[in-house]
Amino acid sequence: MGHLKTMSSRASNRKLTPSQRNRVRSITTPLNEWYAVRHRDLPWRENQDPYRVWISEIMLQQTQVKTVIPYYERFMGRFPTVVSLSEADEDEVLEYWAGLGYYSRGRNLRVAAQQVVRDHGGALPNDEAGLRSLPGIGEYTAAAIGSIAFDHAVPVIDGNVERVLARYLTLEGDPKKGDSNTLLREAARIALPNEQPGDHNQAMMELGATVCTPRAPGCGDCPIASGCRANKLGRPEAFPPPRQRRKPEIQHWLAAVIVTPTGIVVRRAAEDAPFLKTQWGVPLWPVDDAPDPRQAATKLRALVRSEFDFELGRASYQAEIKHSITYRSLRVHVVTIPASTANEQTAPRTVQVGDAWKLPGLHRKIVECAARQSTNN
DNA sequence: TAGACGTGGCG
DNA sequence: TCGCCAAGTCT
């Protein structure tokens with residue numbers, strides 16, 4: 001009956017053992033006492049207003065707290081209510097999102113606000129199905145809003161929670177899949193108290209973000225280190241296992257900073273552009289290899305002439321900028337070129353250097369690079 | 001469902 | 001400098 005034993009021991013990996021369950025239960029009290037004292041004062045923690053919680057959770061997707069804070073303050077200043085966001089132009093919402101990345105988050109936020117006004121009387125739905133029906137809200141964000149804003153006793157599982165529990169239980173597999181995922185979910189549910197579930201969920205994430213970090217975790221400062229198996233093994237960094245990543249591809253691009261009397265020319269990227277689709281920015285063209293400065297200037301001049309109706313001045317090479325977008329390692333060769341519009345009817349949209357913050361990070365870097373160079377000249 | 005999506009912090 | 005990874009969602 002060897003195969004039966006194998007089957008049963010494999011099946012048992014899908015449930016926490018009684019002793020594991022006890023260890024997980026012992027997380028709750030010390031963790032929440034730690035959080036009460038050590039939590040960071042963050043702008044979205046001033047109150048439980050569902051709109052504020054929602055905006056913060058969307059911004060925090062794949063984005064660190066330190067990065068989010070200034071964007072959050074600026075965004076809330078301009079769009080303080082669901083209605084104000086629902087009435088905004090997409091371009092303006094994206095201006096306030098520019099630099100944060102993952103721009104579908106900003107587009108979805110506006111559409112969702114319109115849905116909330118139209119279908120829910122302007123108040124975020126306070127049930128999971130209602131929240132998940134909104135674009136941009138998936139399993140994690142619905143649970144985060146539900147627990148933090150509405151006191152629903154549902155656990156959240158984000159990258160932090162995955163790491164904390166994978167270490168605590170020394171889960172060997174990918175926490176997003178298979179048995180490790182099943183065990184993780186059971187553990188997260190068991191650790192969750194019925195009182196103040198939002199604080200508990202934030203405590204789990206806060207611990208992951210500030211103590212149980214991916215590299216160099218601070219086990220000496222961890223309130224649950226005594227029950228943590230990875231700490232006992234002395235190699236907490238080994239959990240969870242590293243993820244498989246697509247190999248970076250180096251790509252060379254030419255960027256045109258076309259300087260007209262009214263500002264720098266920007267245009268909308270095509271819907272089928274390889275990245276930053278439909279986003280405003282300076283014209284970009286792919287090139288096969290790294291050009292030398294003279295080639296870059298000459299080629300760029302020809303490209304600008306082929307697509308715009310300008311009187312062009314002398315093209316001058318500025319610098320190479322490095323910028324990564326997902327798996328693409330971009331090498332962007334920045335060329336400036338003075339221009340005057342030959343035909344007022346076709347006057348393009350322009351931006352001032354001071355407004356470069358309204359552009360995606362890549363284009364902001366390009367404009368600021370050109371401005372810096374020309375100041376030096 | 002695995003891959004795409006932006007950017008910055010940090011060791 | 002460079003590579004890993006982040007309070008995920010969508011298709």
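The figures here come from the full heavy-atom set of this structure, side chains too, leaving out hydrogens, waters and symmetry mates. Just so we're on the same page: letters track the sequence lines, and every chain starts at 1.
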>> Using whole Å, what does the distance between atom P of nucleotide B/dG6 and atom CZ of A/R105 come to?
In response: 9 Å
> A/M59 CE to B/dC5 P: how many Å, rounded?
Replying inline: 22 Å
> Only one of A/E46, A/E73, A/E57 clears salt bridge (Lys or Arg N to Asp or Glu O under 4.0 Å) with A/R52; which?
Replying inline: A/E46
> So, A/D151 and A/Q48: side-chain donor and acceptor under 3.5 Å apart, yes or no?
Replying inline: yes
> Rounded to the nearest Å, what distance is computed from the CD atom of residue A/Q244 to the P atom of nucleotide B/dG3?
Replying inline: 10 Å
> Where the side chain of A/Q61 is concerned, which of C/dC5, C/dA7, C/dG8 is the nearest nucleotide?
Replying inline: C/dG8
> A/W54 CH2 to C/dT9 P: how many Å, rounded?
Replying inline: 14 Å
> Looking for any heavy atom pair under 4.0 Å, which part of the strands does A/E139 touch: base, sugar-phosphate only, or nothing?
Replying inline: sugar-phosphate
Contacts under 3.5 Å, N or O only, protein and nucleotides 7-11 of chain B:
unit_1 : atom_1 : unit_2 : atom_2 : d
B/dT7  : OP1    : A/Y103 : OH     : 2.8
B/dT7  : OP1    : A/G361 : N      : 2.4
B/dT7  : OP2    : A/H323 : NE2    : 2.6
B/dT7  : O3'    : A/G99  : O      : 3.4
B/dC10 : OP1    : A/K66  : NZ     : 3.3

> Taking for each residue the nucleotide of DNA chain C bearing the nearest heavy atom, is the 5' side occupied by A/R132 or by A/R45?
Replying inline: A/R45
>> Students often get this wrong, so: under 4.0 angstrom with heavy atoms, is A/R163 touching a base, only sugar-phosphate, or nothing?
In response: sugar-phosphate
> Taking the six-membered ring of A/W285, is the NZ or CZ of A/R267 close enough (under 6.0 Å from the centre) and on axis enough (within 45°)?
Replying inline: yes
> What's the CD-P distance between A/E237 and C/dA6, to the nearest Å?
Replying inline: 14 Å
>> What is the separation between atom CD on A/E271 and atom P on C/dT11, rounded to the nearest whole Å?
In response: 14 Å
>> Let's see if you can work this out: which of B/dA4, C/dA7, B/dC5 has an atom nearest to the side-chain heavy atoms of A/R328?
In response: B/dC5
> So which nucleotide from C/dT9, B/dG6, B/dA4 ends up closest to the side chain of A/Y327?
Replying inline: B/dA4
>> Considering every strand and a 4.0 Å limit on heavy-atom distances, what is the contact class for A/L330: base, sugar-phosphate, or nothing?
In response: nothing
>> For A/K277 and A/K177, find the nucleotide of DNA chain B closest to each by heavy atoms; which residue's nucleotide sits nearer the 5' end?
In response: A/K177
> How do A/D158 and A/P248 order along DNA chain C: which one's closest nucleotide is nearer the 5' end?
Replying inline: A/P248
> For atom P, what is the distance between B/dA4 and C/dA7, given to the nearest Å?
Replying inline: 23 Å
> Between A/L94 (CG) and B/dC5 (P), how many Å, whole number?
Replying inline: 16 Å
> A/P240 near the nucleic acid: base, sugar-phosphate alone, or nothing, with a heavy-atom cut-off under 4.0 Å?
Replying inline: nothing
>> Rounded to whole Å, please give me the gap between CG in A/D272 and P in C/dT11.
In response: 18 Å
> Will you find, in the side chains of A/S340 and A/E311, an N or O donor that is under 3.5 Å from an N or O acceptor?
Replying inline: no
> Are A/D199 and A/R45 close enough, and set up right, to give a salt bridge (Lys or Arg N to Asp or Glu O under 4.0 Å), and what steps lead you there?
Replying inline: CA-CA 10 Å; A/D199 281 348; A/R45 288 180 176 162; over 6 Å; no
>> In terms of relative ring orientation, are A/F79 and A/F75 parallel, tilted or perpendicular, with 30° and 60° separating the classes?
In response: tilted
> For A/R245 and C/dC5, is the shortest distance between a side-chain N/O and OP1 or OP2 below 4.0 Å?
Replying inline: yes
> Taking the same atom, C1', in B/dG8 and in C/dT1, what whole-Å distance lies between them?
Replying inline: 15 Å
> Does A/K322 place a side-chain N or O at less than 4.0 Å from the phosphate oxygens OP1/OP2 of C/dC2?
Replying inline: yes
> Looking only at heavy atoms, which two atoms of A/V282 and A/H363 are closest? And how far apart?
Replying inline: N-ND1, 3.0 Å
> What orientation do A/Y72 and A/W44 show, parallel under 30°, tilted 30 to 60°, or perpendicular over 60°?
Replying inline: perpendicular
> How is A/V65 classified with respect to the nucleic acid when contacts are heavy atoms under 4.0 Å: base, sugar-phosphate, or nothing?
Replying inline: base
